[in-house]
Structure formats: structure tokens, C-alpha cells
Amino acid sequence: MIVGKSSERVVLFCLENHPLREKLCDQLGLEQGRLEFRRFPDGESYLRIDTPVSGARCIVLADLSYPDTRYLAHLFLFETLRELGARSVGLVAPYLCYMRQDRRFRAGEAVTSGVFAQSLSRHIDWLITVDPHLHRYHSLGEIYSVPTQVVQGAPALASWLRGQNDLLLVGPDAESEQWVASIAEASSHPYVIGAKQRLGDRRVEVALPDLSRYRGRTAIIIDDVISSGRTVGECVKALRLQGMEAILCAAVHGIFAEASDQYLLAAGLQSLVTTNTIPHSTNGIDISELLAPPIRHFLNQDGSKSR
Ligand SMILES: O=P(O)(O)OC[C@H]1O[C@H](OP(=O)(O)OP(=O)(O)O)[C@H](O)[C@@H]1O
């Protein structure tokens with residue numbers, strides 16, 4: 001075993017198949033936990049843990065996209081591991097949900113990011129995630145009360161882009177500039193940043209600067225998350241208006257709500273690649289090697305918090 005003391009078992013559990021499960025177990029020498037998970041006809045969860053966990057450190061690898069259908073089942077998993085004697089329960093949530101409603105934009109709104117973080121913090125010992133949507137928060141520590149580590153997806157995107165020729169990186173909005181710039185620098189491609197206005201859940205407007213000097217290049221839109229696909233879709237429209245013909249997109253988290261990947265391909269996007277934070281057919285960039293060091297960090301800390 002690569003992590004922890006040799007006598008300690010470290011067991012990784014996953015409620016559903018996840019492309020990172022085997023990779024993380026192989027890279028870190030973790031034991032794969034067995035469990036039975038299904039839904040009763042009324043949608044309630046049935047869960048049975050089939051691997052002894054008494055005294056073991058447990059890691060849960062969770063896909064938390066569409067959280068309203070998945071979160072409760074994960075709470076049952078965290079608490080059952082604990083009841084069965086797990087020494088600690090850490091969470092690897094490559095995509096961290098409920099990060100976008102980070103303030104009360106209109107009087108009376110629920111600040112769901114804070115409520116969700118408080119709830120999750122009560123059930124886990126530590127949290128690792130990839131590029132959480134930190135816009136108005138500066139760090140996860142503002143809302144999470146357990147130790148957290150954030151992995152940047154940018155190096156994985158940059159190495160995927162390195163070696164490709166005549167690209168122009170396109171960030172949809174000012175918030176994307178910091179990391180689009182770092183990917184551009186690491187992969188030696190030029191970049192531009194658009195100005196985005198969000199008008200509703202499925203309504204955004206994106207304006208791009210003059211691109212005439214980049215004509216002939218392949219534009220690649222870079223974003224942290226694709227949900228309704230409207231942000232990327234509006235970028236595609238703005239690029240086409242300026243005569244850009246080859247248009248691709250690379251994103252860290254592909255949620256693709258309401259089959260928006262199909263909408264984007266129909267809108268003129270030629271290809272779409274995402275990292276494997278959320279299982280999807282577009283997963284073409286593996287981030288397991290970026291997740292392994294922070295997992296090792298928590299396991300080597302010998303830091304099971306007694307709750
Ligand atoms: O696929 P979509 O439905 O368009 O959603 C994805 C977009 O939404 C997010 O930003 P958002 O507009 O929420 O900006 P924010 O940082 O102000 O929350 C995110 O950074 C993407 O650009």
C-alpha cells in the first residue's frame with residue numbers, strides 16, 4: 001500500500017461507476033469497497049456495505065452532479081460507514097455542486113452554497129474537489145468547516161492542448177481570464193476573453209473582441225463548467241459571426257443539462273472534450289494524477305477528526 005501505515009486499510013467506495021475509481025485505486029494502492037446500492041420503486045435509496053470497514057480509513061468518490069437526486073444517498077453512505085466503525089470518511093467530489101448561488105442576488109433567496117456546505121461538512125472529515133466555482137467566495141474555507149483541498153484542472157487542459165497547432169483559446173467571461181491565461185501560457189497559444197452577461201438560467205449574451213488577426217486559427221472555448229450549454233453556445237455564435245470556422249471546446253466539468261452537448265454540436269461546435277470529473281462520453285482528459293497527491297496528503301496526515 002502506498003499511502004498510510006502498512007497495517008491500515010484504506011478503502012474507496014463509489015455509489016455508481018466512475019471513470020476515476022480504478023485509476024485512483026491503482027495509483028494509490030487503495031482497496032475497492034463493495035456495496036449494493038439501488039432504488040426502491042418510490043425512489044428511496046437502499047444501501048448495503050459489503051466490505052468490512054471497522055478501523056479502516058474510507059474514501060468516498062462521488063459524482064455530485066444532479067445533487068438533488070444523489071446527495072441523500074451519499075449521506076446514507078457516509079453515516080453507515082461511520083456506524084460500521086470507519087476511522088475516517090473523506091470525500092473526493094471531483095465536481096462540487098451547489099457553488100453557483102453564492103449570495104442572495106434577490107431578497108429572500110436561499111444561499112444554497114452555504115447551506116449545502118454546512119450540511120456536507122457535518123458528515124465528512126475532509127474534502128477534495130477540482131475547480132469549484134469560486135466566484136464570489138475566495139476559498140472553500142469560507143463555507144466548509146472541514147479541511148479542503150482544491151485541485152486545478154488547468155494543467156491537465158494545458159497538457160492536452162500542448163502540441164496542437166494554430167489555436168486561439170477563448171474564455172467566455174472575465175472570471176475565466178485568470179485560468180485561461182495560465183493555460184494559454186503553459187500551452188503556448190494566444191487567447192482572448194469575452195464579456196458575458198447572464199440574463200437567466202438559459203439566457204446569456206457573450207461579446208468577443210475583434211478576432212480578425214486570428215482568422216484561420218482553430219478557436220477553442222475553455223470553460224470551467226458546461227450546464228445548459230448557453231455560455232458555450234453563445235461563444236460559438238459570436239465566433240462564427242466573425243468568420244471563425246473551426247470551433248472546439250474544452251471544459252473541466254461537463255454536466256450537459258438537458259442534453260446540451262447535442263445542442264452545442266448542432267450549433268456548430270466541431271468537438272467537445274471534458275475532464276473525467278463527471279462521467280460522460282466527452283471525457284477525454286484524465287485528471288486522476290492531479291487528484292492523487294491531495295488524497296495522499298490527507299491520508300498521510302493521520303488526521304481522522306473525531307466528531
Ligand atoms: O452552460 P451554462 O448554463 O451557460 O453554465 C455554465 C457557465 O456558468 C458559469 O458561470 P455563471 O454564468 O454562472 O457566472 P457566475 O460566475 O456569475 O456564477 C460557468 O462559469 C460557465 O461559464
Side-chain angles (χ1 to χ4, degrees), residues 64-68 93-106 109-117 129-140 142-143 150-154 156-157 169-184 191-209 219-239 247-269 271-275 277-278 280-283 285:
L64 291 183
S65 61
Y66 301 97
D68 290 17
Y95 169 69
L96 187 58
C97 57
Y98 276 117
M99 287 299 296
R100 289 169 73 182
Q101 181 86 32
D102 52 6
R103 58 178 259 212
R104 227 180 293 287
F105 299 96
R106 296 174 58 211
E109 283 181 345
V111 184
T112 50
S113 52
V115 177
F116 181 78
T129 190
V130 182
D131 286 329
H133 191 77
L134 289 171
H135 184 176
R136 281 155 287 259
Y137 297 123
H138 298 104
S139 76
L140 289 179
E142 288 178 45
I143 46 175
V150 168
V151 169
Q152 309 293 336
L157 265 62
L169 273 48
V170 180
D173 51 24
E175 288 75 47
S176 69
E177 172 147 20
Q178 213 179 349
W179 59 295
V180 173
S182 79
I183 295 170
Y191 74 92
V192 293
I193 299 294
K196 178 170 85 176
Q197 240 196 311
R198 179 167 288 283
L199 307 169
D201 296 347
R202 295 175 188 74
R203 276 189 65 216
V204 297
E205 284 176 0
V206 176
L208 293 176
I220 176 147
I221 303 159
I222 309 271
D223 211 349
D224 59 343
V225 54
I226 301 176
S227 178
S228 73
R230 295 313 194 273
T231 298
V232 172
E234 289 305 304
C235 283
V236 171
K237 280 187 203 158
L239 285 163
I247 308 173
L248 320 176
C249 172
V252 179
H253 308 293
I255 298 175
F256 300 120
E258 299 160 350
S260 60
D261 50 332
Q262 299 309 314
Y263 153 79
L264 289 172
L265 294 171
L269 195 64
S271 87
L272 198 48
V273 67
T274 58
T275 75
T277 57
I278 299 174
H280 192 264
S281 58
T282 56
N283 293 166
I285 303 174

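Whatever order the structure lists ligands and atoms in, that order sets their numbers, starting from 1. Note that the coordinates shown come from a computational prediction; the quantities given were computed from them, not determined experimentally.
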Novice: Just by distance, with hydrogens left out, do Thr129 and Tyr95 show a side-chain donor and acceptor under 3.5 Å apart?
Specialist: no
Novice: Could you tell me whether the side chains of Thr274 and Asn283 share a donor-acceptor contact shorter than 3.5 Å?
Specialist: yes
Novice: Measure across Arg104 and Glu109 and return the closest heavy-atom pair with its distance rounded to 0.1 Å.
Specialist: NH1-O, 2.6 Å
Novice: If you look at each N/O of ligand 1, which protein N/O atoms lie under 3.5 Å away, and at what distance?
Specialist:
| unit_1 | atom_1 | unit_2 | atom_2 | d |
| --- | --- | --- | --- | --- |
| ligand 1 | 1 (O) | Ser227 | N | 2.8 |
| ligand 1 | 1 (O) | Ser228 | N | 3.2 |
| ligand 1 | 1 (O) | Gly229 | N | 2.8 |
| ligand 1 | 3 (O) | Ser228 | N | 2.9 |
| ligand 1 | 3 (O) | Ser228 | OG | 2.6 |
| ligand 1 | 4 (O) | Arg198 | NH2 | 3.2 |
| ligand 1 | 4 (O) | Thr231 | N | 3.0 |
| ligand 1 | 4 (O) | Thr231 | OG1 | 2.6 |
| ligand 1 | 5 (O) | Arg100 | NH2 | 3.3 |
| ligand 1 | 5 (O) | Arg198 | NH2 | 3.4 |
| ligand 1 | 8 (O) | Arg100 | NH2 | 3.0 |
| ligand 1 | 8 (O) | Arg198 | NH2 | 3.2 |
| ligand 1 | 10 (O) | Lys196 | NZ | 3.3 |
| ligand 1 | 12 (O) | Lys196 | NZ | 2.8 |
| ligand 1 | 12 (O) | Arg198 | NE | 2.7 |
| ligand 1 | 12 (O) | Arg198 | NH2 | 3.1 |
| ligand 1 | 13 (O) | Arg100 | NE | 3.4 |
| ligand 1 | 13 (O) | Arg100 | NH2 | 3.2 |
| ligand 1 | 16 (O) | His133 | NE2 | 2.8 |
| ligand 1 | 16 (O) | His135 | ND1 | 2.4 |
| ligand 1 | 17 (O) | His135 | ND1 | 3.0 |
| ligand 1 | 18 (O) | His133 | NE2 | 3.1 |
| ligand 1 | 20 (O) | Asp224 | OD1 | 2.7 |
| ligand 1 | 22 (O) | Lys196 | NZ | 2.9 |
| ligand 1 | 22 (O) | Asp223 | OD1 | 3.3 |
| ligand 1 | 22 (O) | Asp223 | OD2 | 2.7 |

Novice: Check the pair Glu258 / Arg202 against salt bridge (Lys or Arg N to Asp or Glu O under 4.0 Å), numbers first and verdict last.
Specialist: CA-CA 11 Å; Glu258 299 160 350; Arg202 295 175 188 74; 2.6 Å; yes
Novice: Gln152: which residues meet the side chain to side chain contact (heavy atoms under 4.5 Å, CB included) condition with it, sequence neighbours left out?
Specialist: Asp131, Val150, Pro155
Novice: Looking at Gly268 and Val236, what are the two nearest heavy atoms and their distance?
Specialist: C-CG1, 4.2 Å
